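Contents: one structure, followed by commentary.
Please read these numbers as outputs of a predicted model, since none were measured by experiment.
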Amino acid sequence: MVAPDMEKIVSLSKRRGFIFQSSEVYGGIGSTWDYGPLGVELKNNVKRAWWRSVVYDREDMEGLDAAILMNRLVWRYSGHEATFSDPLVDCKQCKKRFRSDHVQGKVCPECTGELTDPRSFNLMFQTYLGPVQDDSGLAYLRPETAQGIFVNFANVQQTMRRKLPFGVAQIGKSFRNEITPGNFTFRTREFEQMEIEYYCKPPKYLQSGEKDDEVLHQEWIEQRFNWYVRLGIAPCRLQKREQSKEELAHYAKATTDIEYIFPGSLGWSELEGVANRQDYDLSAHSKDIPETDLERLKLSKNIDSIQKLDYFDEQYVDPETNKKGARYIPYVIEPSAGADRATLAFLCEAYNEELVSEPKESDLTQLREACTLAAKNLEKKVAEAEKQKAKGGETKVDTKESPTLEQLKAISDGLARAVEGLPKTLLAFEDVCNMPGADRLDVLKKTRPIAAKLCDEYTRVVLKLHPQLAPIKVAVFPLKKNEPRIVEVAKKIRHDLQPYLRIVYDDTAGIGKLYRRQDEIGTPFCITVDFQTLEDHTVTVRERDTMQQERVAITQLAPHLCQKIGLSIF
RNA sequence: GCGGGUGUAACUCAAUGGUAGAGUGUCAGCUUCCCAAGCUGAAAGUUGUGGGUUCGAUCCCCAUCACCCGCUCCA
């Protein structure tokens with residue numbers, strides 16, 4: 001099971017300190033979100049796992065952290081200044097919106113209504129450097145981190161003495177004035193990217209046995225796909241989608257999106273795009289690019305750059321002249337991921353509601369009675385709706401007052417199935433109450449709290465996050481908090497493990513509730529100090545997903561847990 | 001930007017044209033030898049914000065903000 005809808009994630013995020021609405025005390029501000037104490041741990045872990053995977057676990061990668069503010073010319077020559085400010089027109093009659101260069105005259109192509117004057121929508125945030133707000137100080141908040149990597153190509157290559165192929169990774173904030181943000185943290189105006197520019201040889205300069213750009217492109221797609229899977233995303237909810245020729249930006253030879261199927265209306269959506277951008281970007285920022293290449297890349301001559309971002313290949317031997325060495329602009333493969341999107345995907349994927357134990361039949365009586373009542377009422381409503389349909393001939397639309405016939409039937413069926421499957425289907429009642437139209441049925445409003453109360457008692461919410469991503473790795477509890485010897489040992493364990501692991505101590509509830517609390521935030525291991533501990537210096541280590549326990553000597557806890565979590569200290 | 005919906009305690013939701021309730025959660029204490037147990041007590045909301053109608057608005061009307069759904073858009 002994964003999150004059934006995004007609202008579950010939003011509500012859990014708020015309740016347990018993962019993600020808050022930004023500027024909440026002033027009523028919020030559109031599409032911005034703050035990561036709370038657990039959210040920042042989770043997102044940091046995602047970024048750290050990414051950095052480890054693409055920088056530390058390879059021999060051919062370097063890191064970078066470029067400034068958010070850059071010379072305006074970067075965005076002129078990258079093409080953003082032109083393509084990021086579309087003049088748009090709206091139809092005053094049918095409210096559709098068009099790019100003004102796609103429309104003839106001042107008439108709507110669809111309904112022939114009158115169009116507004118063109119308005120410029122610049123998707124880049126502007127700001128001014130220095131005290132005077134005029135064009136001389138105009139700067140943009142970067143809409144992508146990639147350009148910071150491109151313009152530093154020569155710096156990185158020379159200082160690290162790199163030979164092709166090699167890549168540069170960067171994590172950082174980007175800003176886009178999106179027209180339609182939404183879907184929680186999925187599309188926001190301020191977001192964090194994890195981008196790689198992997199520089200390689202253009203096909204012409206390859207020597208035998210070397211991988212070409214297309215092979216490297218495929219390898220990156222595979223590696224990035226597998227990264228998500230390794231950290232817990234089920235492959236069935238992840239897909240590679242190759243962009244069609246029509247979708248491709250003119251500078252991209254090929255792009256494959258890695259998509260995750262998010263809950264609710266969001267559905268299949270992009271986590272990451274892996275593009276083969278050829279030599280477009282480095283050429284764009286270089287002086288002295290030959291006319292033929294400018295034409296091929298549809299670039300205009302760069303009259304402002306003071307560098308040529310090319311590469312001297314000493315090994316290359318010209319097959320015709322036998323001349324050694326060549327100077328050329330490298331190709332680039334760009335795996336560009338969203339840190340917030342990955343974090344959201346991991347949260348959605350990890351979310352589980354489980355029946356911990358089967359409810360006693362005596363506890364179910366009230367629910368069964370309420371359902372019988374609801375079923376009868378629904379039957380009546382269905383019959384009414386059918387009669388009306390036969391009479392009026394017209395299918396009733398989904399109105400404020402009552403659900404449609406189809407909705408009624410679906411709810412009725414859902415309820416019947418849920419009742420039949422009891423006690424195993426306890427969790428299904430909530431789904432039934434959330435079906436379209438159900439909110440307008442009073443009978444279900446009465447059933448909901450009864451089912452909810454049972455769910456509280458017999459189910460748990462558990463985030464099955466990969467241990468490396470979990471915000472808290474270990475929690476320590478005393479089995480009895482009014483037994484000072486046990487409390488003392490538990491607190492000492494927390495203190496001793498603190499240098500190795502993110503660990504918390506809690507004794508403010510019964511043991512069952514303490515476990516549930518940690519389940520809900522994805523803590524993979526809970527240590528409980530009990531009476532046996534006082535005799536043999538062992539504790540129980542309880543595993544989140546299975547709820548199984550094993551006894552471990554206190555002295556072995558650090559290596560034992562670090563090994564299970566996959567930390568490399570021991 | 002357009003259309004529809006929502007906004008009440010930290011969360012989930014009730015209620016009413018006459019100064020707001022429940023469950024969960026949180027906190028304190030007691031109790032408890034392993035999975036949201038029990039008991040006692042407590043804190044917590046100018047009902048998103050600002051106007052209007054009214055003797056009186058959380059409820060009706062208008063505006064605004066935020067979120068959700070659908071369009072539109074999306075390197």
Side-chain angles (χ1 to χ4, degrees), chain A residues 5-8 10-17 20-33 78-80 83-84 86 88-99 116 119 121 123 143-144 146 176 178-184 187 243 247-252 255 257 264-266 269-270 273 275 277 280-281 334 336 356-357 398-400 430 433 436 439 445-446 448-450 452-453 455-461 477-483 486 508-520 526 528-534 539-540 542 544 547-549:
Chain A
D5 56 72
M6 198 62 95
E7 273 170 60
K8 288 269 189 195
V10 176
S11 141
L12 176 75
S13 294
K14 172 89 190 286
R15 189 158 40 85
R16 297 308 310 269
F20 309 124
Q21 165 92 66
S22 193
S23 310
E24 196 181 18
V25 297
Y26 288 109
I29 174 173
S31 94
T32 54
W33 302 90
S78 70
H80 289 80
T83 62
F84 247 47
D86 295 331
L88 300 177
V89 293
D90 295 296
C91 173
K92 289 176 179 171
Q93 193 170 303
C94 70
K95 310 292 184 194
K96 288 236 164 70
R97 172 175 288 169
F98 309 92
R99 275 177 58 170
T116 60
R119 285 180 294 172
F121 277 75
L123 295 181
E144 63 173 31
R176 296 180 192 180
E178 296 282 357
I179 296 168
T180 314
N183 288 111
F184 200 31
R187 179 172 283 114
Q243 286 190 10
E247 277 180 277
L248 280 180
H250 67 272
Y251 47 74
T255 297
D257 288 340
S265 62
L266 188 51
S269 301
E270 181 185 346
R277 296 173 70 106
Y280 178 87
D281 302 278
E334 180 191 79
S336 172
V356 175
S357 59
D398 186 6
T399 64
K400 204 170 175 178
E430 205 195 328
C433 292
D439 54 326
K445 277 188 185 161
K446 281 168 194 153
R448 180 196 277 263
I450 300 170
K453 188 140 195 299
C455 284
D456 266 345
E457 195 172 344
Y458 290 104
T459 67
R460 66 167 181 164
V461 171
F477 314 135
L479 186 58
K480 240 176 96 114
K481 74 170 162 185
N482 56 2
E483 172 54 64
I486 288 181
T508 57
I511 192 72
K513 188 179 284 189
L514 295 177
Y515 284 142
R516 294 292 206 283
R517 270 186 199 156
Q518 296 302 322
D519 286 342
E520 205 177 24
C526 292
T528 301
V529 177
D530 56 18
F531 287 89
Q532 193 182 327
T533 309
L534 301 177
V539 293
T540 62
R542 177 251 200 196
R544 178 193 64 203
M547 299 194 284
Q548 298 292 307
Q549 294 176 304

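For B:U31, one of the phosphate oxygens OP1 or OP2 lies less than 4.0 angstrom from a side-chain nitrogen or oxygen of A:Asn482. Side-chain nitrogen and oxygen atoms of A:Thr528 include none within less than 4.0 Å of the OP1 or OP2 phosphate oxygen of B:C34.
Interface remark: the A:Thr540 side chain does form a donor-acceptor pair with the B:C34 base, using a distance-only criterion of under 3.5 Å.
The aromatic ring of A:Tyr515 is not stacked on the base of B:C34, since the criterion of ring centres less than 5.5 Å apart with planes inclined by under 30° is not met.
A:Asp519 comes within 4.0 angstrom of nothing in the nucleic acid, heavy atoms only. Within 4.0 Å of A:Phe184, counting heavy atoms only, lie sugar-phosphate atoms of the nucleic acid but no base atom. Residue A:Ser265 is in sugar-phosphate contact alone, with no base atom involved, counting any heavy-atom pair closer than 4.0 Å across all strands shown. Residue A:Ser31 is classed as a sugar-phosphate contact, given heavy-atom separations below 4.0 Å to backbone atoms only.
For the P atoms, the distance linking B:U6 with B:C13 amounts to 13 Å, nearest Å.
If you measure from atom NZ of A:Lys14 to atom P of B:A9, you get 9 Å, rounded to the nearest angstrom.
Annotation: side chain of A:Ser265 is in contact with side chain of A:Asn183 (closest heavy-atom distance under 4.5 Å).
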At a cut-off of 3.5 Å, list every protein nitrogen or oxygen paired with a nitrogen or oxygen from nucleotides 21-29 of chain B, distance to 0.1 Å.
unit_1, atom_1, unit_2, atom_2, d
B:U26, OP1, A:Arg517, NE, 2.6
B:U26, OP1, A:Arg517, NH2, 2.5

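Taking a pair as Watson-Crick or G-U wobble with both distances under 3.5 Å, RNA chain B forms stems of 3 or more consecutive pairs at B:1-7 with B:65-71, B:10-13 with B:21-24, B:26-30 with B:38-42, B:48-52 with B:60-64.
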